[in-house]
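Heads up: the structure comes next, in structure tokens.
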Amino acid sequence: MVDMVDALEELNRIVMDREMGSTQIAFAVLRKTAELVRGMSGEELEAALAKVMEVAHRRSSMPVIANALREMRRLLAEGMDAERAAESVIAGIGERIDESVTRLVGHLGKGVRVATYSYSSHALRAIRELEPELVELPFCSPLNEGIRASAELRRAGVRCSVSQDLEFLRRLRGCDAVLLGSDAVLRDGRIANRSGTSSLIERASELGLQCLFLTDPLKLDLKGLWRNETIELEGVTFELFDLTEPLENVLTVSSFGVLRPEEFAERASAFLIGSSSR
């Protein structure tokens, strides 16, 4: 029998993790939830899921966590067992990621020079499939996620150039496109990503570069709950994310295709509402 208090504490540690991306956090939460509710039914199950959802909402900057749990709850209500429900949601996300990568390669073609920012497993997966000539990355201070991203790409045989943040903005001139992940998409088309992204997008706009955000319908902030979060390093507090406006050079890439952010938000909204009504 799983101890509820211990399980919820572990779920909270997963939800608030600073190393994993939002999709990886959602996967870990789904699997831990399956372990927690195994064998439960009726009111006991609903009460446990309500407590898990409370924990998920503590990371309202990453709506994929709560949205994935809602998908799992729907499958449980249809009679699916907990493990199958969790793995079904994970498989669905994985299939949509595969489709988004295919859409991106079709849009950009292979052998291009791209820039990326911060660390996104979705974006790095797409970059590997592009087989780029070169990838430009900044250190992305003060968390230095660019070093981690470049190490992963280099292990996959991708040629990378890592530079200081200001130098990176100059090196954008040699790129064909900017490719990014996303932590959330708001219903008005604004996109949440690592702090500093919006400044990068403005510079790319000046250079006439397309900025493509890899995303998924479960990243839509359907209920308007998105809130930024802060992190403290050596006594300095800063916001972890910023919001990119849906400028002319900004596009989303998902299983829906390559769309303007507002179009993606509309399609994702219909997907989530339709899913919850099934």
Side-chain angles (χ1 to χ4, degrees), residues 8-29 32 54-66 68 114-127 135-155 158 160-172 175 178-186 190-205 211 213-215 219 221 225-245 250:
L8 290 175
E9 287 180 355
E10 176 62 20
L11 276 167
N12 187 68
R13 285 193 290 271
I14 294 169
V15 167
M16 301 311 296
D17 184 90
R18 298 289 191 184
E19 295 295 323
M20 292 188 290
S22 57
T23 302
Q24 283 64 46
I25 290 174
F27 288 176
V29 167
K32 188 65 181 180
E54 286 179 14
V55 175
H57 282 149
R58 293 172 190 167
R59 202 80 187 267
S60 57
S61 61
M62 297 179 175
V64 65
I65 304 170
V114 298
T116 192
Y117 183 74
S118 187
Y119 180 95
S120 162
S121 60
H122 195 166
L124 296 185
R125 158 78 189 286
I127 288 170
V135 181
E136 293 282 359
L137 304 96
F139 285 113
C140 199
S141 302
L143 300 180
N144 294 333
E145 300 105 312
I147 297 174
R148 178 184 171 201
S150 66
E152 185 170 315
L153 288 172
R154 283 170 172 153
R155 283 194 295 271
V158 177
C160 299
S161 173
V162 185
S163 55
Q164 294 184 4
D165 294 5
L166 291 177
E167 171 65 10
F168 167 73
L169 294 178
R170 187 186 68 80
R171 294 177 70 89
L172 284 177
C175 294
V178 178
L179 186 60
L180 303 156
S182 61
D183 289 287
V185 179
L186 278 55
R190 288 180 294 168
I191 302 172
N193 197 46
R194 168 77 161 78
S195 182
T197 300
S198 59
S199 296
L200 165 59
I201 300 305
E202 289 172 5
R203 175 58 177 156
S205 179
C211 298
F213 286 85
L214 276 297
T215 194
K219 291 190 174 183
D221 178 38
L225 300 176
W226 189 85
R227 297 291 182 275
N228 209 335
E229 58 183 277
T230 59
I231 187 170
E232 185 173 312
L233 290 173
E234 298 182 359
V236 178
T237 301
F238 65 94
E239 291 186 332
L240 194 57
F241 306 105
D242 66 21
L243 292 171
T244 294
E245 298 292 332
V250 173

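The analysis underlying the following values was restricted to heavy atoms, covering all of them including side chains, and did not include hydrogens, waters or symmetry mates. One-based numbering along the sequence shown.
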Spatial distance of atom [atom1] ([X]) from atom [atom2] ([Y]) [nearest 0.5 Å]:
X    : Y    : atom1 : atom2 : answer
E10  : R13  : CD    : CZ    : 4.5 Å
L169 : S199 : CG    : OG    : 8.0 Å
E229 : M16  : CD    : CE    : 5.5 Å
H57  : L225 : NE2   : CG    : 5.5 Å
I127 : T116 : CD1   : OG1   : 4.0 Å
F139 : S118 : CZ    : OG    : 14.5 Å

Are any side-chain N or O atoms of [X] and backbone N or O atoms of [Y], one a donor and one an acceptor, separated by less than 3.5 Å?
X    : Y    : result
R194 : S120 : no
N144 : I147 : no
R148 : E19  : yes
R59  : V15  : yes
S182 : N193 : no
T237 : E232 : no
D165 : C140 : yes
N228 : E239 : no

Do [X] and [Y] come within less than 4.5 Å of each other through their side chains, counting heavy atoms only?
X    : Y    : value
V178 : Y117 : no
I191 : I201 : no
F168 : R203 : no
V55  : I14  : no
W226 : L243 : yes
L143 : Y119 : no
H122 : T23  : no
E9   : N12  : no

**Request:** Report the residues that fulfil side chain to side chain contact (heavy atoms under 4.5 Å, CB included) with S198, sequence neighbours left out, ordered by chain and then residue number.
**Result:**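 Result, side chain to side chain contact (heavy atoms under 4.5 Å, CB included) vs S198: D242, T244.
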**Prompt:** Which residues pass the side chain to side chain contact (heavy atoms under 4.5 Å, CB included) test with R154, sequence neighbours left out?
**Reply:**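 R154: side chain to side chain contact (heavy atoms under 4.5 Å, CB included) contacts with S150, C160, V162.
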**Asked** Just wondering, more than 12 heavy atoms not from L166 lying within 6.0 Å of its CG?
**Response** no
**Prompt:** Is the number of heavy atoms from other residues, nucleotides or ligands within 6.0 Å of CD (Q164) greater than 12?
**Reply:** no
**Request:** Check the pair D183 / L240 against side-chain contact (heavy atoms from CB on, under 4.5 Å), numbers first and verdict last.
**Result:** CA-CA 11 Å; D183 289 287; L240 194 57; over 6 Å; no
If I compare all heavy atoms of [X] with all of [Y], which pair ends up nearest, and what's the gap?
X    : Y    : value
L233 : P142 : CD1-CG, 3.5 Å
P63  : S60  : CD-O, 4.0 Å
A26  : A68  : CB-CB, 4.3 Å

